[in-house]
Amino acid sequence: MKIETLAIHAGQHPDPTSGAVMTPIVLSSTFAQDGPGNHKGYDYSRSGNPTRGTLEACAAALEGARHGLAFASGCAATTTILHTLRPGDHIICGDDVYGGTFRIIDKVMQPMGISATFVDMTDLALTEAAFRPETKMVWLETPSNPMLKVFDIERVCAIASRKGVPVIVDNTFATPMIQQPLGLGATAVVHSSTKYLNGHSDVVGGLVMTSDDELVQKLRFLQNAMGAVPSPFDCFLVLRGLKTLPVRMDRHAANAQTIAAWLRRHHDVARVYYPGNDDHPQRELIRRQMKTPGGMISFVIKAAGGSVAERSQKFLAALKVFTCAESLGGVESLIELPAVMTHASVPAETRAALGIDDGLIRISVGLEAVDDLVADLEHAFSASH
Ligand SMILES: *Cc1c(COP(=O)(O)O)cnc(C)c1O
C-alpha cells in the first residue's frame, strides 16, 4: 500500500468491542490478568499500552520499518538510543545537529565515558576519517537546522556499513513523506513527533523506527527500564496527526516554495537558505534524496538604518499572521531568530562559523493561504525600515 493509505490505516482496525472507527484512548495504567503472569499482551502501561502500540505500528509503516517505539519527547527517543552505547564507545555526529542532541551527547553522554567527534558530513572524506576502532554509532540529521544543509544519507550509510557501524538518522525536518532513510541504508530513524508528525503544536513526543530486530530488543528494554514513555492521550493525538501528514507535507512544501522564490527576489533580503533553490550547491543530491524541499526556510534580512539585529527584531514584531515562537512543523506559520532563540546556547564562535548571525531568520511555513503569508511578510519588511 502507498504511504497516503498507510498514514490512515496502518495498524488500525475498528475496536472489536464497540466498533469504534477511531483508536480508543486507553488510559488504564494496569491490565487485568486471567491468572498471575497470564495477560492479553498488556500488563502495565509503561511497558506497553494499546493506544501507544497502535501509534507505534502506524509510524513504523510510514518509515517502511518493522518496529516503532514511542517516547515522551524527541530528546527521550535520542537519549534512549544513545544508552545502547557503553563507556569507551565513540560516536560520530554531524556538526550542526539539533542543539538538544548536541547537548545530550556533549553534556550527558561524554561524562559517562562515550567519546564523540562532530564533523561536517557534507565532507565524506572527513566523515570517513573520523571512524575509529571504537566507533559504534553515526548520528546524521538532514536537512540541518537552521542552515538547511543537506547530507547524503546513502553515501554516509555506505561508509558506515563498510565499517559495520549503524547509522541513526533524525528525520524530523523531512518526514517519511520526503525521504525514507531506512531504504537508503540507515539502521534506525528518530523523530521529534512534536513537529510535523503530530503537526498541530499540541504534543511533545518522540518516535524511533527500525527493522533491526536486535536493536529493537535493546530499545524496548531501555524504553521500559528508563521509562520515558508518552501518555496514551498524546499517542492518540499523534496518531490522528499522522492521518493528514501526506496532505500537510505537500501544502507546507508548496507554500514554502512560493515564499522562498518571493524572498529571493526581495530587495530587503540578502540570502535565502532553502533546499528548493535552483542554484542550491547540493541540488543534485536534493533531487536524488528529497521528494520535495520541505517547509522550512531561513533567510538573512538586510539592515535598514540601524543594526541588522534591530531590524530583525522590528521585522518580527510587525508580523500579524506569523507567530514568533520556537518549534516547527505545525499548521500555523512560526518565525524565530535562531541567534537569540533556538540556537542561543550555541557558543558565539560556533554560531558565526555556521552562519547563524543576527540577521538570520528561520520560518516554519504553515498551511495558511500563501497570499496572506506573503502579504504579512511584505508588511513587516516595510514596517521595519
Ligand atoms: C525538536 C527536535 C528534536 C527534539 O525533540 P523534542 O520533542 O523537542 O524533545 C530533535 N531533533 C530535531 C531535528 C528537532 O527539531
Side-chain angles (χ1 to χ4, degrees), residues 52 55 59 63 68-83 91 93-109 118 121 137-151 153 167-179 181 186 188-209 223 226-231 234-235 237-238 241-242 245 249 252 273 275 290 294-298 325-330 334-336 338 341-346 354 356 362-366:
R52 185 171 103 211
L55 167 63
E63 287 285 7
L69 292 105
F71 292 89
S73 68
C75 285
T78 298
T79 304
T80 305
I81 292 177
L82 292 174
H83 272 75
I91 179 169
C93 183
D95 65 353
D96 60 348
V97 289
Y98 176 70
T101 303
F102 174 79
R103 183 171 57 195
I104 299 167
I105 294 174
D106 188 47
K107 296 279 189 326
V108 181
M109 301 312 290
F118 296 92
M121 289 195 183
M137 190 179 284
V138 174
W139 196 277
L140 173 64
E141 182 183 318
T142 178
S144 75
N145 172 24
M147 303 313 290
L148 299 162
K149 280 201 280 184
V150 177
F151 303 97
I153 300 172
V167 178
I168 314 297
V169 175
D170 184 332
N171 205 23
T172 300
F173 266 46
T175 82
M177 295 313 302
I178 292 178
Q179 64 196 19
V189 167
V190 56
H191 277 275
S192 168
S193 48
T194 313
K195 317 295 169 51
Y196 287 110
L197 296 193
N198 177 59
H200 294 73
S201 306
D202 50 11
V203 170
V204 171
L207 279 160
V208 177
M209 295 80 136
Q223 182 192 40
M226 295 175 25
V229 295
S231 81
D234 286 356
C235 292
L237 287 176
V238 178
L242 288 183
L245 181 70
M249 289 315 290
H252 281 297
Y273 300 98
M290 301 175 72
M296 298 299 295
I297 304 171
S298 293
E326 299 191 1
S327 200
L328 61 117
L334 300 180
I335 192 156
E336 65 118 2
M341 297 170 64
T342 48
H343 292 67
S345 63
V346 177
L354 293 172
I356 307 173
R362 186 190 83 177
I363 60 182
S364 169
V365 179

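Just follow the structure's listing: the first ligand is 1, and inside any ligand the first atom is 1. We count residues from 1, following the sequence as given.
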Exercise for the section: Examine ligand 1 and decide if any of its atoms is less than 4.0 Å from a heavy atom belonging to S193. Expected result: no
Problem - Atom of V97, atom of F102 and distance for their closest heavy-atom approach - result: CG2-N, 4.0 Å
Fill in the blank from the handout: Rounding to 0.5 Å, atoms CG (L69) and OG1 (T80) come to a distance of 9.0 Å
Exercise for the section: For atom 10 (C) of ligand 1, grab the closest protein heavy atom and report residue, atom and distance to one decimal in Å. Expected result: Y98 CD2, 3.4 Å
Practice task
Report yes if some heavy atom in the side chain of L197 is under 4.5 Å from a heavy atom in the side chain of L242; otherwise report no.
Solution key: yes
Exercise for the section: Indicate whether any N or O donor in one side chain lies under 3.5 Å from an N or O acceptor in the other, for E336 and T342. Expected result: yes
Handout entry: Per-atom contacts of ligand 1 with E141, taking only distances under 4.0 Å to non-hydrogen atoms
Key = 13 (C)
Handout entry: Contact with ligand 1 for N145, non-hydrogen, under 4.0 angstrom
Key = no
Fill in the blank from the handout: Closest to atom 14 (C) of ligand 1 among protein heavy atoms sits K195 NZ, 3.0 Å
Fill in the blank from the handout: The atoms of ligand 1 lying under 4.0 Å from a heavy atom of G205, numbered in the order shown, are 7 (O)
Practice task
Among all protein heavy atoms, pick out the one at the shortest distance from atom 9 (O) of ligand 1; state its residue, atom name and that distance to 0.1 Å.
Solution key: C75 N, 2.8 Å
Problem - Steps toward side chain to side chain contact (heavy atoms under 4.5 Å, CB included) verdict (M109, I104) - result: CA-CA 6 Å; M109 301 312 290; I104 299 167; 4.2 Å; yes
Handout entry: Per-atom contacts, ligand 1 versus S73 - under 4.0 Å to a heavy atom
Key = 7 (O), 9 (O)
Completion exercise
Looking only at heavy atoms, the pair that brings T175 and H191 closest together is CA-CE1, 3.9 Å
Handout entry: Nearest candidate to atom 11 (N) of ligand 1, where distance is taken over non-hydrogen atoms, out of N171, T172, D170
Key = D170
Exercise for the section: Run the numbers for me: atoms of ligand 1, each under 4.0 Å from some heavy atom of G74, listed by number. Expected result: 5 (O), 6 (P), 7 (O), 9 (O)
Problem - Sub-4.5 Å side-chain heavy-atom contact between K195 and S364 - result: no
Problem - Atom indices of ligand 1 within 4.0 angstrom of S192 heavy atoms, with elements - result: 1 (C), 2 (C), 3 (C), 4 (C), 5 (O), 6 (P), 7 (O)
Practice task
Hey, could you give me the OG1/CZ distance between T142 and F173, rounded to the nearest 0.5 Å?
Solution key: 10.5 Å
